Number of protein chains: 2
Amino acid sequence: MPSNRQVNINTESVDNYLKAILALGGPEEQSVSSTALAQRLGVAPASVTNMLQKLASARSPFVEYEKHRGVRLSPEGKRRALEVLRHHRLIETFLYEILDFPIEEVHDEAERLEHFILERFEERIAAKLGHPKIDPHGHCIPALDGRMSKQDSAPLIDVEKDGEFVVDSISDRDAKLLKTLKAHSITPGAHLRVTKSPHELVLRAGKGSKPLHLALSAAGAVRIRSTN
Amino acid sequence: MPSNRQVNINTESVDNYLKAILALGGPEEQSVSSTALAQRLGVAPASVTNMLQKLASARSPFVEYEKHRGVRLSPEGKRRALEVLRHHRLIETFLYEILDFPIEEVHDEAERLEHFILERFEERIAAKLGHPKIDPHGHCIPALDGRMSKQDSAPLIDVEKDGEFVVDSISDRDAKLLKTLKAHSITPGAHLRVTKSPHELVLRAGKGSKPLHLALSAAGAVRIRSTN
DNA sequence: CTAATCATTTAGGCTAGCCTAAAATAGTGA
DNA sequence: TCACTATTTTAGGCTAGCCTAAATGATTAG
C-alpha cells in the first residue's frame, strides 16, 4: 500500500507561502531559506519545513525543494504567486481609487481579501479601473498571463551620492512609514532631492514640503529612478 | 484543575452558524433544531451539536442552548448575525451597483467576502452607495445598530386567490431561479399578475414578458406585497 | 581536519472543525 | 403505560496547520 494519499492544502496558507517565496527570491528567483520564510510569515522554521514538503510533493508541485538547500517556485507555483500578486495590487488600486481608502490602509485590507476573490471579481474591478498597470504604491500589476514589466528602478538605500530622483515605488508593508512619506509629499512620481549623511538620508519633495530625515534602515522601502 | 480553558472559535464558521440560526428562526426568533441547521449548513447533525456547545459555553455566549430543545441567538449572537447580514447585503448591493455583476452571481461572491471585511470597508461601501436600505434582491439591509425595518410582505406561496401584486423580494440562495425570474422581468418592484392552479403558479410581469409557470416548491423564494 | 555554531529537519503534540457509529432521549400510537 | 421511531448527543477519529524540543546536517574558525 503505497503512501500516495491525497493531501489537501489550504489555499490561503499556500498563497501566503508562495507570495513570500516570490518576494524573497527577488527578480532573479533565487532559492529562499526556511528561516527567511519563517521570519517573513511569522511562523516557526519547523512549520515552514513541514509546509514546503507538502507543497513539493503535491500532485502538481508548487515548489522545487531540496532538503537543506532552500526552495524555489515551480512554474505552476510562480503562476499562482503572480496571480495572487495581481489580485493584491488590483484590490489595493481599487480600494484607493474607488473606495477612497487612505493609502496606508489598503495593504492590510487587500491582504485579507486577495485569497477569496474569484477571476470574475478580478475581471470586473480591472475593467472598472481601466486595466491599470501600476498600483497606488507604484508597483507593477502583473497581467492576466502573469507577465510583468521589469522594474527600471533602484532602492533608495543604494544611492551613492546626493542628487535628484523620481520616486518609483514605495513598499506597502509598513503603514506608518507610508503615512509619514505621504505627509512629506513623497509619493510615486514625486521629484525627490536626496542628501546623504552617515546614518540617514534627507529627502525633500517639491517645494512646500518639509525635509524628511529617514533612517537608513527604512530606506529599502523606497525605490527611485533617475529624472530624465 | 477546573476545565475553564479558553476555546478559540473560528469566526467564519461561527458566522455561518449564526446566520443560519437567524434565518431559520424567522422573524419570531423561534428556537432552531440541530437537524434543520445541519441541513442548511450541509454538515452532520453531530457537528452541529458540537458547535452549539462551543457557542453556548464561550465567554460571552452567542447562543442559548438547551440539550434536545434547539437553540436561539443570544443578544450578542443576534448582534453579530445582523452585522454579518448587513455585510452580506451591502456587498451584494455593491457588486451589483458598482461592479455590474449579474444579479444571480452576487450571492455566492458576497458569501465568500462577508467574513473578511472590516468595519472600515463596510463604512466605505455604504458611503459610496449612499447608505442603501434595500439590497438588489429587495431585502432590507440592517442598520449599523442592527435595527431593521419589518417586512410588510408575504411569501408568494401563501397567495390565496388570483390577483395582482408587487414583487417585494426574491431569495438570493437559488441562482438559477433568480436568472429565470429576471428573464421574465420578475424583479423587486415589478407588478405581477398571479394565477393559481393546483400544482403551479402562473406569473406575468409587465406586458412584453412571457408568462412564467412556477412550481409551488419554488414559490417560497418570492415575497410579494399588495399593490397600492 | 575537527569542533563549535548555526540552520534545518524530525518527532511528537495541540486545536478547530468536520466525520461516522453507537448511545441516549423525546415523542407518539396502541 | 410501554414500546417503537425519530431526533439528538456522546464517543472516538481524521486532517490541516501550527507549535516546541531534540536530532541531524552544513559551515566555518582555529
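None of the values given here were measured: they were computed from a predicted structure. Convention: sequence-line order gives letters A, B, ...; per-chain numbering from 1.
- Atom C1' of nucleotide D/dC19 and atom CG of A/Asn50 are separated by 11 Å, given to the nearest angstrom.
- Checking C/dT9, D/dT9, C/dT20 against the side-chain heavy atoms of B/Ser34 singles out D/dT9 as nearest.
- A ring-centre distance under 6.0 Å is not found for B/Tyr65 and B/Tyr17.
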Would B/Lys19 and B/Glu111 count as a salt bridge (Lys or Arg N to Asp or Glu O under 4.0 Å) if you check the C-alpha gap in whole Å, the side-chain angles of each, and the deciding distance to 0.1 Å? CA-CA 11 Å; B/Lys19 270 204 315 177; B/Glu111 192 82 359; 3.2 Å; yes
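- Look at A/Lys67 and you'll find a side-chain N or O under 4.0 angstrom from OP1 or OP2 of C/dT10.
- Atom P of nucleotide C/dT10 and atom NZ of A/Lys54 are separated by 14 Å, given to the nearest angstrom.
- Closest approach to the A/Val43 side chain among C/dT10, D/dC19, D/dG17 is made by D/dC19 (side chain taken as heavy atoms from C-beta onward).
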Check the pair B/Val106, B/His137 against side chain to side chain contact (heavy atoms under 4.5 Å, CB included), reporting the backbone distance first and the verdict last. CA-CA 10 Å; B/Val106 299; B/His137 305 297; 3.4 Å; yes
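- Atom CG of B/Leu41 and atom P of C/dC19 are 10 Å apart (whole Å).
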Where do A/Leu214 and A/Glu200 land on the side chain to side chain contact (heavy atoms under 4.5 Å, CB included) test, with the steps shown first? CA-CA 5 Å; A/Leu214 191 68; A/Glu200 59 175 28; 5.9 Å; no
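- Regarding A/Leu55, its CG atom lies at a distance of 11 Å from the P atom of D/dC18, rounded to whole Å.
- The interatomic distance linking B/Leu52 (CG) with C/dC18 (C1') rounds to 14 Å, in whole Å.
- A/Glu66 has its CD atom 15 Å from the C1' atom of C/dT9, to the nearest Å.
- Taking only side-chain nitrogens and oxygens, A/Tyr17 never comes nearer than 4.0 Å to OP1 or OP2 of D/dA16.
- Computed from coordinates, the B/Leu37 CG to D/dT9 C1' distance equals 15 Å when rounded to whole Å.
- Residue A/His68 places its side chain closer to D/dG25 than to any other of D/dT10, D/dC18, D/dG25.
- Side-chain proximity of A/Ala44 to D/dA11, D/dC19, C/dT9: nearest is D/dC19.
- The side chain of B/Ser47 places no N or O atom within less than 4.0 Å of a non-bridging phosphate oxygen (OP1 or OP2) of C/dC18.
- Residue B/Ser13 places no side-chain N or O under 4.0 Å from the OP1 or OP2 atom of C/dA16.
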Apply side chain to side chain donor-acceptor pair (under 3.5 Å) to residues B/Asp172 and B/His88 and explain how you reach the verdict. CA-CA 11 Å; B/Asp172 56 358; B/His88 182 87; 3.2 Å; yes
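- Of all nucleotides listed (C/dT10, C/dG17, D/dT9), C/dG17 comes nearest to the side chain of B/Met51.
- D/dA16 atom C1' lies 13 Å from atom CD of A/Glu12, rounded to whole Å.
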